[in-house]
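Data first, discussion second: the structure below is written as structure tokens.
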Amino acid sequence: MRIALSGYGKMGREIEQVAVARGHSVVCRYDSQEDWNNWETDHKNADVVIEFSMPKSVMNNIFKCFDSNHPVVVGTTGWFDQLEHVRHVCDEHGKTLFYASNFSLGVNLFFELNRRLAAMMHDHEQYEVSIEETHHQHKVDSPSGTAIHLANDIIDHLGRKDTWVNREAKEGYELGIVSHRVGEVNGTHTVKYSSGSDQIEIIHTAHDRKGFAVGAVLAAEYIHHHRAGVYTMSNMLNDPKFHGLMK
Ligand SMILES: NC(=O)c1ccc[n+]([C@@H]2O[C@H](COP(=O)([O-])OP(=O)(O)OC[C@H]3O[C@@H](n4cnc5c(N)ncnc54)[C@H](O)[C@@H]3O)[C@@H](O)[C@H]2O)c1
């Protein structure tokens, strides 16, 4: 598979290593707005574009990929408030998009655990739920896309929260997400249920970026073989062909 990389920062570089190790080639790399000046010719020969850039550039880049009819895997976070619009354009014009707030297998297992725990806590109203996330100081968006995903799943399954807020909750219907940006740490997400007497916590800590990169390259392989549409991790994780590959 020939891959164009949009965003050649920490993730772009990691994805290149994983892609080459899996026998793919990287045919072009965009790392700034200017790099896209000749995009019509630069990524013409690519089979797929993998987009890990910045919240401010991601929408433009997605639409350029739609314009050139290239399937696009999007890992950039901070744009999910526009997801419905992008989904609509994608469906309307027969384009192909794979997006995920988090491409790692471990985090997707953690999502499942979070949904099940929220359903278990549905009838135990003495437990107050909250989310805490810590990332490196360069992360632009806050809260993280992963924390938003966790929060939306809790809202759907717990039954007593209407909305999330990026601070400690002040009202009973709010789900608080507290974000910390420190040093060069890898991401940690904690979901906490506290009653007056005790506390239950589930925690996911990433140790490196490779898990995200493997998921993104597999997603590129996945959409390379699929018809137009909008895909995300649940599609791939439920496909037997991809079982066991996310190591
Ligand atoms: N979904 C996931 O699993 C996952 C995992 C890790 C990071 N992320 C997200 O991926 C994004 C990138 O993360 P990172 O750690 O590589 O960040 P980074 O800051 O190291 O890299 C971003 C790169 O994008 C480049 N860039 C700026 N404008 C651009 C443009 N118009 N077109 C193309 N590239 C441009 C920058 O020069 C920079 O090198 C962030 O939004 C981050 O939150 C997602």
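Sequence positions, counted from 1, serve as the residue numbers for this chain. What you are looking at is a predicted structure, and each value in this text was computed from that prediction instead of being measured. We count ligands from 1, going down the list as the structure has it; atoms in each ligand are counted the same way.
The closest protein non-hydrogen atom to atom 36 (C) of ligand 1 is D31 OD1, 3.4 Å. Taking atom 41 (O) of ligand 1 as the reference point, the nearest protein heavy-atom neighbour is T77 N, 3.2 Å. For atom 9 (C) of ligand 1, the nearest non-hydrogen atom of the protein is G75 O, 3.6 Å. K10 NZ, 3.9 Å is the protein heavy atom nearest to atom 19 (O) of ligand 1. Protein heavy atom nearest atom 31 (N) of ligand 1, with residue, atom name and distance: S57 CB, 3.2 Å. Scanning all protein heavy atoms for the shortest distance to atom 40 (C) of ligand 1 gives S53 O, 3.8 Å. Here the protein heavy atom with the shortest distance to atom 13 (O) of ligand 1 is M11 CG, 4.0 Å. When hydrogens are left out, the protein atom nearest atom 3 (O) of ligand 1 is F103 N, 2.8 Å; that is the closest non-hydrogen contact.
The shortest N or O to N or O distance between S104 and ligand 1 is not under 3.5 Å. For the pair R209 and ligand 1, the shortest N or O to N or O distance does not fall below 3.5 Å. Residue H136 has no nitrogen or oxygen atom sitting less than 3.5 Å from a nitrogen or oxygen atom of ligand 1, judged on distance alone. Every N/O-N/O distance between G12 and ligand 1 stays at or above 3.5 Å. Any N or O atom pair closer than 3.5 Å counts here, and E51 shares no such pair with ligand 1.
Close approach of ligand 1 to S6 is summarised as follows: ligand atoms under 4.0 Å from at least one heavy atom of the residue are 33 (C). Counting the atoms of ligand 1 from 1 in the order shown, those under 4.0 Å from a heavy atom of Q33 are 30 (C), 31 (N). Contact atoms of ligand 1 toward G7: 24 (O), 33 (C), 34 (N) (distance under 4.0 Å to a heavy atom of the residue).
Heavy-atom contacts from other residues, nucleotides or ligands closer than 6.0 Å to CZ of R116 number 12 or fewer.
Residue S101 places a heavy atom under 4.0 Å from ligand 1. Look at H138 and you'll find every heavy atom at least 4.0 Å from all atoms of ligand 1.
Using a 3.5 Å distance cut-off with no hydrogens or angles, the side chains of T190 and E201 do not pair a donor with an acceptor.
Atom-to-atom distance recorded for Y127:OH and R160:CZ is 10.5 Å, nearest 0.5 angstrom.
At a heavy-atom cutoff of 4.0 Å, ligand 1 is contacted by the side chain of N61 but not by its backbone.
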